[in-house]
Structures are given as structure tokens and as C-alpha cells.
Amino acid sequence: MNQHIYQLISFLLNYPTEEMIDILPEIEREIEEQTNSQITGNIKQFIQQSKEMSLDDWITHYIEHFDFGRLTNLYVTYLKLGEQRERGLELLKLKKYYEAHGFEVTDKELPDYLPVILEFCANVSVEASNELLSMHQQAIGEIHGKLQENNSYYSLLFDALFLYMEENGVTAVALEEA
């Protein structure tokens, strides 16, 4: 199964830039190939809302939620472990997991950064991506819930992510527990 939706969501969860704005029309064309209209609709709605904002407003929204939001940052082990020593062990385990699946992680981002996780998921087997996402779905679900509470349109990307995870075989029962 082509897992390009993980790649698109990973890209859209990165810090907004002028280059990102330039690529949005290409992403809109690419998601037209997706058969799940709910996933397509969520991503299109996110893109539309992003296009309606100035780059400065988009950056401000991003920073408020992901850089300053302790409960909505994109580091999936942070919410549970914070800066504890155990988090370092989790990060090391994640790096080893990536390496075991032939995915090289740079030192540019921590291995628990959600866009890195989704990049990995886009480039490995469905089984490997499902295993990793299942391990972190509770944290991803908590970030999603906080974004919804804060009325952040980024929750649309998480809606699409959970739909796609379910489509790939991460069970609905497991998602409900998240």
C-alpha cells in the first residue's frame, strides 16, 4: 500500500515557510488520488485555511501551538516523560527502531518528532509503520485532543492521520483508547 499520506501530513506539520505555500497547490493535486474522501477533505480544508492566512499569521498560529504549547508540541514522548531521563532512553529506542528498519535519522530533529515518525512511516512497510504508530497513538491522540480544545485547524491533519492509520490497519478499538 502506498503510504504517501503520511509523507504529506509530515510535510504539512513542519514549520510554515514561503516554499511550503508554493507547494500547497501540488499537494492539493496529489491528494485527489486518495480514495478516502474524509482524508482528502480534511487535508484540503487544512490547506484552504492555510492559504487564507498570511504567512506571518500561519507562523504565529504554528508557534503558539507547537513551539509554546507544552501539551501540543509535536514530540510524542514529551507529554508523558517531559525532560526526565527516561525520555532519553525512549529516544534512543526510537532511533534504534528506525535503524533496524533501514531508516537513517539525522541529528537535525529528535526521533520522537511527529513529522520524523510520519516520514519513517511513509518509507517502510505497513506493518512497521503500524507498530510504531500503535506505540505512540495515545500521545498523538492527546496532542490531537488539545488542538481540538484550542480550536486549532491543525486538528484537521490529525483527523486525517487517524483515518489513514485506521485504513492501514491500526484498529479502531486501539484508536478509541488513545
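Treat the numbers as computed from the prediction; the structure is a model and nothing was measured.
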Below 30° counts as parallel, above 60° as perpendicular, anything between as tilted: where do the rings of [X] and [Y] land?
X	Y	result
Phe120	His101	perpendicular
Phe66	Tyr154	perpendicular
Tyr62	Tyr15	perpendicular

(message) Check Lys95 with Glu104, please: is the shortest side-chain N to carboxylate O separation under 4.0 Å?
(response) no
(message) Check this for me: does any side-chain nitrogen of one of Lys93 and Glu90 sit under 4.0 Å from a carboxylate oxygen of the other?
(response)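 Looking at Lys93 and Glu90, the cut-off is met.
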(message) Nearest 0.5 angstrom please: Ile47 CD1 to Glu52 CD, how far?
(response)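 CD of Glu52 is found 12.0 Å from CD1 of Ile47.
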Donor on one side chain, acceptor on other, [X] and [Y], under 3.5 Å:
X	Y	result
Tyr97	Glu131	yes
Asp159	His144	yes
Ser152	His61	yes

(message) I'd like to know whether NZ of Lys96 has more than 12 heavy-atom contacts from other residues, nucleotides or ligands below 6.0 angstrom.
(response)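 Counting neighbours around NZ of Lys96, 12 or fewer heavy atoms of other residues, nucleotides or ligands fall under 6.0 Å, so no.
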(request) Please indicate whether Gln38 has more than 12 foreign heavy atoms, meaning atoms of other residues, nucleotides or ligands, lying under 6.0 Å from its CD. (result) no
(request) Take Leu12 and Ile27, measure what side-chain contact (heavy atoms from CB on, under 4.5 Å) needs, and give me the verdict at the end. (result) CA-CA 9 Å; Leu12 292 170; Ile27 292 173; 4.0 Å; yes
